[in-house]
Amino acid sequence: MRVDLRNIFASKSFTAWAVCSLAFLCAVLGSCQKRTTVEPKVVPAEARDLNIRVLLKNNADSAKLSTAGGFDVACTDGTSAHFTPGEVDIVPWNGMIRLGRHSFAGDVDLQVKDTFVTIDGRKYRGDVRIIIDARGGLDVINELDVENYLAGVVGEEMPAYWEPEALKAQAVAARTYCLYIKHRFGTDRQWDVKATEANQMYGGLESESAMVRTALDATAGQVLTCDNGDGPGGIFPTYYSSTCGGHTEDSKNVFGDSYKPLSGVDCQYCKKTAGEKYMNWKPVVLPSSVVTAKITSGYSSLEGLTTVDKIVPTRVSDYGSTGRIAMLKVVDNKGKTGILRGEDLRLTLDPSGKVLKSTWCNISKQPDGSFKFSNGRGFGHGVGMCQYGALGMAREGFGYKEVLSYYYPNSDLVKIY
Ligand SMILES: [Zn+2]
């Protein structure tokens, strides 16, 4: 999961916002951790909380949809239609939505007659809503119950062949995360989560597997809560990322929120399971012209910068000798400065997040003016559960509850349905 900062702080100007510390691993792990309890049905979730609306396509100019059993359409303009089995082209058309030869002057809800519907070649459970977005393109939204949604998430976010206890930890983290995002943002828009790394990867029916279903069934309805949580049962955004590199990060340094379970912890597990390409990534060199262009086009407040001359970390997480860059200053060749979070800079320079793998690195200027990102450690934002660390803990015999309480300290495991 790579959380899109813009998704959370909503502005590129501050839009530009928006996926744990035992100082050492206790020899007797259980003795220094908060005990977790599963309390069946202590906080019943509202039924409305248990459907997830997934944004499959955003501002698209077309989509192909097919069913084996046909579907019914109800449009918000009051019209309806029945479609027989087969493939239908969907396009925006003069502010309307055209499905095959039918045009609708409002949002359309498709009620599918089968187990699944195929959209652009991928199969999805549940129903579909299609809307014309503010820019005139199509938004395609898949709505289904949370457990079926998670069946299409867990296997995308963690290999289904990994240890069962790691998959269970992933299931609880993914469940809590999506319910939190729905609670926090879903009321102001027609969808709850994106189907991408911006929230959680969702691959639909074809991403499901027996191993993932087993992990979901074993943890059904279980979420993590905390004292200052928000939403059903007091949940919080259970971010997670691939490889912390040795220490997870305080959420306030990356996402700005300060839930107690999102404080950084030492992690000695991922180094036993993650490969070198994640633990110690190779240096990346970017020309100053590229750095300048990406920063100035990414932030309206930084448009006035000329050629970026220096990148100076102003706050670095303290993990001992090194740490992640939390905040930094960019300085142009005329002395003008701008301030950015380290994670914002990383994803502005590399939106994929796969080249500049983390903010745990050194930034130095080269003789030719380019910038070198070296001594890189870890893959991802580093907040919350370290997925390779969860694998490492599971391999050493820890159960999913221990994994979760390790990476989300001061959290409680609660069953809400
Ligand atoms: Zn780790």
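Counting begins at 1 with the first residue of the sequence. Numbering of ligands and ligand atoms starts at 1, following listing order. Reckoned from all heavy atoms, side chains included, excluding hydrogens, waters and symmetry mates.
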Output a table of donor-acceptor pairs, distance under 3.5 Å, between side-chain atoms of residues 304-311 and any protein atom two or more places apart or on a different chain; print 'none' if there are none.
| residue | atom | partner | partner atom | Å |
| --- | --- | --- | --- | --- |
| Thr306 | OG1 | Asp332 | OD2 | 3.1 |
| Thr306 | OG1 | Asn333 | OD1 | 2.6 |
| Asp309 | OD1 | Lys365 | NZ | 2.4 |

Under a 3.5 Å cutoff, is there a donor and acceptor pairing between the side chains of Asn148 and Asp145?
yes
Check side chain to side chain contact (heavy atoms under 4.5 Å, CB included) between Lys357 and all other residues, then give those that pass, not counting sequence neighbours.
Tyr278, Trp281, Phe379
Residue-atom pairs from the protein, N, O or S only, that lie under 2.8 Å from the Zn ion (ligand 1):
Cys244 SG, Cys267 SG, Cys270 SG, Cys386 SG
Could you check whether any side-chain heavy atom of Glu343 comes within less than 4.5 Å of a side-chain heavy atom of Glu249, counting everything from C-beta outward?
no
Within the 4.5 Å heavy-atom criterion, are Thr67 and Lys113 side-chain neighbours or not?
no
When the side chains of residues 225-235 are checked against the rest of the protein, which donor-acceptor pairs come out under 3.5 Å, sequence neighbours left out?
| residue | atom | partner | partner atom | Å |
| --- | --- | --- | --- | --- |
| Asp227 | OD2 | Lys260 | NZ | 3.4 |
| Asp230 | OD1 | His183 | NE2 | 3.1 |

